[in-house]
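Every value quoted in this text rests on a predicted model; they were computed, and no experiment measured them.
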Amino acid sequence: MAKNVVIIGTQWGDEGKGKIVDWLTDSVAAVVRFQGGNNAGHTLVVGGQKTVLRLIPSGILHDGVRCFIGSGVVVSPQALFEEIEELNKAGVNVEQRLTIAPTCPLILPYHKALDHAREAAKGDKKIGTTGRGIGPAYEDKVARRAVRMIDLFNLPVLKEKLQANVALYNAQLQHLYGQEPVDFEQVYQEVAQYADRIKPLIGDVSNTLYQIHQAGGKILFEGAQGTLLDIDYGTYPFVTSSNCVAGAASAGAGVAPQMLDYVLGIVKAYTTRVGSGPFPTELFDETGKLLAERGNEFGSVTGRPRRCGWFDAPALRRSLQINGVTGLCITKLDVLDTLPEIKICTAYKLGDKTVDILPFGSDEVALCVPIYETLPGWQANTFGVQKYEDLPENARRYLQRLQELVGVPVSIVSTGPDRVQTIIIEHPFA
Ligand code: GDP
Ligand code: IMO
Ligand code: MG
């Protein structure tokens, strides 16, 4: 029987991971974020009340469930405390239930400054990052110069590392990008000021998860972003700077791969993307606008409009293979309610070839021309439906066709943003 479940985005992010993590948290002892940072925006709606989480695991609204931030996550202390304060104001106690790995790299003001400077310099070739400093922070980690949580316990070491990093970043900011330098003293004071507040939250995430597992507790691994934004397998260079695939849960949380029993792939019933980069099934017409309006497709973090398009089976095939997805959770089915016809991309034309799986990197993806099949819409209300039998016949046909095309069964269907607006076909923890 499945005990631990990994939840990942199978498209370009914003598939509805937060809602499903919150809903599944009922069944678990712990929820862990294992990659990304506050570029994520995970929306939870409970009894009509909305909470957007960026860094804190989406299990936090359930009393008694422990939340963890694993080593694969890059943490901005400022963003962390802003989020903790927002949650405290809403009556959620975070500090007593949150543990952060000592090995997490920090996102500091110079990372954000460089992220912005680079994007501005790229002009119309920009990636469209969230501007949170994610890329530069991961670069520091790989370059072995990151300031990590553990450095907060040793202020002389912290000071030395910061001095070296500020010098490096200021050289780039000033001489490469013609921007204002960051002030070392200011950065140091800011970090040192957070140190006392962060220290009590730091703990051995990897060992604690192991102990919870040994004691029979179930664990939910919460992915951020989506597979098509993965640093290796996404539409590079229009990607984020971490691995977003299910395998990253093991390295990023510090647990053995054998502990990952079930991979739940979150799939929007259509496709969206925020930021630049190729998007074969993108719609530029009235239908695209309608999806954006009905789906309220605006970034949860940046408020930017999301680009919208039809469901893309070749992209999903790539994603499901890489992640070893056990079951699909199709979200936002209700957004399609008014459409007379719905298209599904089943393959691409790429030059004189037909391909049924997304190629790697952005250049080839940009050349993919979708081949569509058309299904009749249902033009009936599915918003809030909680039983599969209560879905209109054509909606069931659409779901059936999606699972046939990608070869993985649908386990969950989401019919609205609220926790309760969910249909279970097969519970991942059953
Ligand atoms: P995440 O990043 O994958 O957690 O997704 P986001 O929270 O960024 O974006 C998903 C958006 O869709 C949020 O505004 C959710 O409240 C909303 N949402 C989630 N599931 C459904 C659904 O089934 N139907 C509708 N209409 N909205 C949903
Ligand atoms: P969740 O977890 C959608 C996108 C950005 C940009 C690219 C790189 O809410 O699904 P970055 O700031 O990471 O360097 O930006 O990745 N991006 C997301 N798009 N959902 C997200 O997170 C995203 N996180 C990053 O828009 O195109
Ligand atoms: Mg999001």
Side-chain angles (χ1 to χ4, degrees), residues 1-9 14-36 40-70 73 80 83-84 86-88 90-100 201 203 205 208-209 211-213 215-224 246 249 252-253 255 259-266 300 326-331 386 411-430:
M1 282 297 141
K3 240 182 150 190
N4 301 322
V5 173
V6 185
I7 293 201
I8 46 103
D14 302 326
E15 297 89 351
K17 299 175 290 293
K19 168 192 161 157
I20 300 299
V21 171
D22 168 61
W23 176 74
L24 276 177
T25 298
D26 251 357
S27 311
V28 303
V31 182
V32 198
R33 273 284 305 271
F34 55 86
Q35 48 71 230
H42 294 179
T43 314
L44 285 47
V45 181
V46 184
Q49 196 185 331
K50 182 166 141 177
T51 307
V52 181
L53 299 170
R54 293 168 294 266
L55 210 42
I56 310 252
S58 299
I60 200 72
L61 299 189
H62 292 253
D63 280 339
V65 173
R66 294 194 61 182
C67 289
F68 296 88
I69 295 180
V73 178
L80 176 74
E83 202 169 324
I84 290 178
E86 272 170 38
L87 285 163
N88 285 347
V92 183
N93 186 333
V94 180
E95 279 101 327
Q96 305 203 328
R97 287 168 41 216
L98 178 69
T99 308
I100 304 174
L201 302 179
V205 169
T208 313
L209 290 174
Q211 301 301 341
I212 290 173
H213 181 63
K218 294 172 186 156
I219 303 169
L220 204 52
F221 295 84
E222 176 180 5
V255 303
M259 269 175 65
L260 314 176
D261 300 295
Y262 185 111
V263 180
L264 183 67
I266 314 295
S300 332
T326 324
L328 305 177
C329 166
I330 308 285
T331 61
Q386 293 179 358
S411 306
I412 299 171
V413 182
S414 172
T415 57
D418 200 283
R419 203 188 255 177
V420 297
Q421 294 169 319
T422 311
I423 299 172
I424 312 156
I425 299 166
E426 193 179 57
H427 199 293
F429 285 108

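Taking every heavy atom of both residues into account, Leu260 and Ala246 meet most closely at CD1-O, 4.1 Å. Residue Val65 comes nearest to Val31 through the heavy atom pair CG1-CG2, 4.0 Å, listed as atom of the first residue, atom of the second, then distance. Looking at every heavy atom in both residues, Val5 comes nearest to Pro428 through CG2-CB, 4.0 Å. Across all non-hydrogen atoms, the minimal contact from Asp22 to His62 is O-NE2, 2.8 Å. Of all the heavy atoms in Ile266 and Gly16, the pair that sits closest is CG2-C, 4.0 Å. When every heavy atom of Ser411 is checked against every heavy atom of Tyr262, the shortest pair comes out as OG-OH, 2.9 Å.
Summarising the geometry, atom CD1 belonging to Ile7 is positioned 9.0 Å from atom CH2 belonging to Trp23; distances are rounded to the nearest 0.5 Å. Distance check: Asn88 CG to Asn93 CG gives 6.5 Å after rounding to the nearest 0.5 Å. Atom CG of residue Asp63 and atom OG1 of residue Thr25 lie 12.0 Å apart, to the nearest 0.5 angstrom.
Scored by the salt bridge (Lys or Arg N to Asp or Glu O under 4.0 Å) test, Arg66 finds no partners at all (sequence neighbours excluded). Taking Ile425 as the reference, Tyr388, Val410, Val413, Ile423 meet the side-chain contact (heavy atoms from CB on, under 4.5 Å) condition, with sequence neighbours excluded.
For the pair Leu209 and Asn4, the minimum side-chain heavy-atom distance is 4.5 Å or more. Side-chain contact between Leu44 and Val21: absent, with no pair of heavy atoms (C-beta onward) separated by less than 4.5 Å. Using a 4.5 Å heavy-atom cutoff, the side chains of Leu24 and Leu264 are in contact. Within the 4.5 Å cutoff, no side-chain heavy atoms of Ile69 are placed close to those of Val205. Considering only heavy atoms from C-beta on, Phe221 comes within 4.5 Å of Val255 through its side chain.
The environment of CD in Glu426 is sparse: at most 12 heavy-atom neighbours from other residues, nucleotides or ligands sit within 6.0 Å.
The main-chain N or O of Thr331 is never found under 3.5 Å from a side-chain atom of Glu15 such that the two would form a donor-acceptor pair. Gln35 places a side-chain N or O within donor-acceptor distance of the main-chain N or O of Ala224, the cut-off being under 3.5 Å. Panel note: side chain Arg419, backbone Gln421; no donor-acceptor pair is recorded below 3.5 Å.
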- request: Please report the C-alpha distance between Phe429 and Val28 in whole Å, then the side-chain angles of each, then the deciding distance to 0.1 Å, and finally whether the side chain to side chain contact (heavy atoms under 4.5 Å, CB included) criterion is met.
  value: CA-CA 9 Å; Phe429 285 108; Val28 303; 3.3 Å; yes
Salt bridge (charged side-chain N to carboxylate O under 4.0 Å, His left out) assessment of Asp261 paired with Lys3: CA-CA 6 Å; Asp261 300 295; Lys3 240 182 150 190; over 6 Å; no
query: Given the rule in the side chain to side chain contact (heavy atoms under 4.5 Å, CB included) test, do Phe34 and Val6 qualify, once you have shown the distances and angles that lead to the verdict?
result: CA-CA 10 Å; Phe34 55 86; Val6 185; 4.2 Å; yes
Return a table of donor-acceptor pairs under 3.5 angstrom between the side chains of residues 47-60 and protein atoms on other chains or two or more places apart.
unit_1 : atom_1 : unit_2 : atom_2 : d
Arg54  : NH2    : Glu86  : OE2    : 3.2
Ser58  : OG     : Glu222 : OE2    : 2.6

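With no hydrogens or angles considered, a side-chain donor-acceptor pair links Ser414 and Lys19 at under 3.5 Å.
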